Asks: 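The structure's right below; bear with me while I get my questions together.
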Amino acid sequence: MPELPEVESLRRSLKPYIIGKSIQSVIVHKPKLVSSSGTVRQPLIEKKEEFEKELKGRTITGITRIAKNLLIHLDSGQVLLVHLKMTGQLVYQEKGENKALGGHPIELSETKLPNQHSHIIFELNKGTLFYNDIRMFGYILLYPNEQSLHKSGYFDAIGIDPLDDTFTFEYLYKQINTRKSKLKSILLSQSIVTGLGNIYADEVCFRAGILPNRLASSLTKKEIRKLYNAIQDVIPIAISMGGSSVANYIMADGSRGTYAREHKVYGKAGKPCQLCGHILQKTIVNTRTTVFCQFCQK
DNA sequence: CACTAAACCTGGGAGC
DNA sequence: TGCTCCCAGGTTTAGT
């Protein structure tokens with residue numbers, strides 16, 4: 001689910017709640033979410049019991065982000081790698097609190113944590129951190145140290161983060177200019193630009209005035225410049241608004257981001273374009289639903 | 001190498 | 001009310 005602005009907003013919102021806290025105990029209800037399921041991912045801790053035991057007594061010293069992954073650093077040097085995939089949530093709650101998860105009008109009894117989707121629970125010296133995940137695509141992997149994480153190959157195919165200084169126009173120009181796949185494919189590919197997903201790929205294309213299904217190599221330098229500027233504009237603004245809460249995404253305190261109200265095309269097929277009034281079109285690019293304005297985007 | 005489809009899962013909404 | 005079908009913010013893997 002969450003893209004760069006959502007993961008970054010979650011990171012920032014978690015920070016004051018969990019840094020400096022010690023982990024009293026960990027309960028893993030779904031062992032699958034902390035174990036290996038692929039060839040690239042090779043968490044060093046496979047068993048649920050080991051995962052729980054290894055974390056007990058550790059203190060959380062920091063939380064960082066690489067692409068759409070969160071890294072929770074521990075005083076032992078160990079690193080927890082969290083990927084939320086489509087529906088993962090990290091929510092902090094203190095005793096007596098009652099989070100309105102996702103802001104949906106749901107029964108009071110259902111807002112209590114843990115709920116049936118709280119698959120991993122970290123009991124801290126003050127408060128509790130819940131990992132909730134409806135679809136269970138996400139995971140939390142424990143590595144003995146940062147070096148082993150980077151050596152594992154997990155981040156080998158990772159591109160440049162839009163927030164990084166090294167994300168320059170020249171970089172984007174070269175990446176797009178030399179490829180012949182569709183523009184949206186390139187924006188979605190984490191090995192080129194990290195952090196964009198289906199929402200922001202469409203939003204960025206609209207703001208740049210470029211059709212998402214254009215062949216990348218057909219873009220002019222001027223168009224790539226527009227695209228670069230759109231990425232540089234949209235991402236920080238989305239973060240400042242806490243990201244886009246479309247369905248399940250919430251921050252550490254259970255609150256929703258408000259950037260969805262700024263969306264120009266995502267989720268708006270069939271509605272009039274805010275710029276020209278023509279009806280926004282829907283198509284499939286890269287197996288993903290894609291919304292665009294056939295008049296404002298060339 | 002480039003692209004597509006399927007797979008991992010559950011749940012909400014639309015339509016009948 | 002209930003059933004079926006479609007769709008969903010991500011990413012990997014298998015197949016063409």
Side-chain angles (χ1 to χ4, degrees), chain A residues 1-10 29-33 35-42 65-70 81-90 101-106 110 115-119 131-141 152-159 175-176 178-204 213 215-217 234-235 238-239 242-251 256-260 262-263 265-270 282-291:
Chain A
M1 128 204 149
E3 307 178 25
L4 190 161
E6 289 74 42
V7 178
E8 178 62 18
S9 295
L10 175 62
H29 291 300
K30 283 282 189 297
K32 194 188 150 175
L33 303 190
S35 64
S36 171
S37 65
T39 52
V40 177
R41 287 206 305 276
Q42 289 187 345
R65 179 186 61 78
I66 298 180
K68 295 172 188 168
N69 303 272
L70 283 179
L81 183 154
V82 184
H83 200 303
L84 306 171
K85 285 291 176 85
M86 301 285 266
T87 54
Q89 300 175 330
L90 278 173
L101 297 182
H104 290 300
I106 48 182
E110 290 177 308
N115 59 34
Q116 75 261 44
H117 304 298
S118 303
H119 305 309
Y131 179 74
N132 307 323
D133 195 341
I134 293 174
R135 291 171 75 180
M136 296 188 292
F137 289 171
Y139 43 80
I140 301 186
L141 313 177
S152 73
Y154 187 92
F155 290 123
D156 280 4
I158 217 69
Q175 291 298 323
I176 290 181
T178 56
R179 287 168 207 265
K180 63 171 202 166
S181 44
K182 289 173 181 165
L183 172 61
K184 181 157 174 179
S185 304
I186 289 175
L187 295 177
L188 290 177
S189 168
Q190 300 300 297
S191 59
I192 300 171
V193 180
T194 68
L196 297 182
N198 209 30
I199 295 177
Y200 296 99
D202 279 10
E203 290 299 317
V204 156
N213 60 359
L215 233 49
S217 54
V234 164
I235 298 298
I239 293 171
S244 306
S245 288
V246 174
N248 297 284
Y249 167 73
I250 51 176
M251 282 177 276
R256 294 162 67 80
T258 58
Y259 189 74
E262 304 298 322
H263 291 175
V265 286
Y266 176 81
K268 296 191 183 298
K282 181 162 87 172
T283 184
I284 303 291
V285 180
N286 232 29
T287 71
R288 311 295 301 275
T289 294
T290 300
V291 186

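In what follows, chains carry the letters A, B, and so on, assigned in the order in which the sequence lines appear, proteins first and then strands, with residues in each chain numbered from 1. Everything numeric in this text was worked out from a predicted model, so none of it was measured.
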Asks: Rounded to the nearest 0.5 Å, how far apart are OG of Ser181(A) and CG of Leu215(A)?
Replies: 7.5 Å
Asks: When you compare the ring of Phe137(A) with the six-membered ring of dG10(C)'s base, are the centres less than 5.5 Å apart and the planes under 30° from each other?
Replies: yes
Asks: So, does the side chain of Arg179(A) form a donor-acceptor pair with the base of dA2(B) at under 3.5 Å?
Replies: no
Asks: Please tell me if Asn286(A) has a side-chain N or O lying less than 4.0 Å from either OP1 or OP2 of dC3(B).
Replies: no
Asks: Mind checking the CD-OH spacing from Glu203(A) to Tyr259(A)? Nearest 0.5 Å is all I need.
Replies: 6.0 Å
Asks: I want to verify a distance call: between dT11(C), dT10(B), dG9(C), whose nearest atom is closest to the Lys68(A) side chain?
Replies: dT11(C)
Asks: Once you round it to whole Å, what is the distance between C1' of dG10(C) and OH of Tyr154(A)?
Replies: 10 Å
Asks: For dA14(C), give its Watson-Crick or G-U wobble partner with both distances under 3.5 Å, or none.
Replies: dT4(B)
Asks: So which of residues 181-192 of chain A are in contact with DNA chain B, with a heavy-atom cut-off of under 4.0 Å?
Replies: Ser181(A)
Asks: For Ile158(A) and dT12(C), give me the distance from atom CD1 to atom P, rounded to whole Å.
Replies: 8 Å
Asks: With rounding to the closest Å, how many angstrom separate the C1' atoms on dC3(B) and dG9(C)?
Replies: 23 Å
Asks: Is the phosphate of dA8(C) approached by Thr289(A) (side-chain N or O, under 4.0 Å from OP1 or OP2)?
Replies: yes
Asks: Let's test this: given Watson-Crick or G-U wobble pairing with both distances under 3.5 Å, identify the partner of dC9(B).
Replies: none
Asks: Does dT10(B) have OP1 or OP2 sitting under 4.0 Å from an N or O in the side chain of His117(A)?
Replies: no
Asks: Give me the distance, rounded to whole Å, that separates dC9(B) from dA14(C) when you measure between the P atoms they each carry.
Replies: 16 Å
Asks: For dA2(B) and Lys180(A) - does any side-chain N or O of the residue sit under 4.0 Å from the phosphate oxygens OP1/OP2?
Replies: no
Asks: Can you find a side chain N or O atom of Tyr266(A) that sits less than 4.0 Å from OP1 or OP2 on dG9(C)?
Replies: yes
Asks: Just checking, any donor-acceptor pair under 3.5 angstrom between side chains of Tyr200(A) and Glu6(A)?
Replies: yes
Asks: Say you draw a straight line from OG of Ser244(A) to OH of Tyr266(A); how long is it, rounded to the nearest 0.5 Å?
Replies: 9.0 Å
Asks: Where the side chain of His83(A) is defined as all heavy atoms beyond and including C-beta, which of dC8(B), dG9(C), dT11(C) is the nearest nucleotide?
Replies: dT11(C)
Asks: Please give, in whole Å, the distance from dT10(B) P to Gln89(A) CD?
Replies: 16 Å
Asks: Take atom CG of Asp133(A) and atom C1' of dT11(C), then tell me their distance rounded to the nearest Å.
Replies: 14 Å
Asks: For nucleotides dA6(B) and dC6(C), find the distance between their P atoms and express it as a whole number of Å.
Replies: 13 Å
Asks: How many whole angstroms separate atom CG of Asn213(A) from atom C1' of dT4(B)?
Replies: 16 Å
Asks: Whole angstrom is fine here: how far is it from CG in Leu84(A) over to P in dT11(C)?
Replies: 10 Å
Asks: My understanding is that only residues two or more places apart in sequence, or in another chain, count here; which of them pass side chain to side chain contact (heavy atoms under 4.5 Å, CB included) with Leu188(A)?
Replies: Lys184(A), Ala201(A), Asn286(A), Arg288(A)
Asks: CG of Leu196(A) versus C1' of dG10(C): gap in Å, rounded?
Replies: 13 Å
Asks: Round to the nearest Å and state the distance from Arg135(A) atom CZ to dA8(C) atom P.
Replies: 10 Å
Asks: Is the shortest side-chain N/O distance from Arg288(A) to OP1 or OP2 of dG10(C) below 4.0 Å?
Replies: yes
Asks: Are side-chain heavy atoms of Leu33(A) and Met136(A) found at a separation under 4.5 Å?
Replies: yes
Asks: When rounded to the nearest 0.5 angstrom, what distance separates CZ in Arg179(A) from OG in Ser189(A)?
Replies: 7.0 Å
Asks: Among residues at least two apart in sequence or on other chains, which ones pass side chain to side chain contact (heavy atoms under 4.5 Å, CB included) with Thr194(A)?
Replies: Ala67(A), Ile158(A), Asp161(A), Pro162(A), Gln190(A)
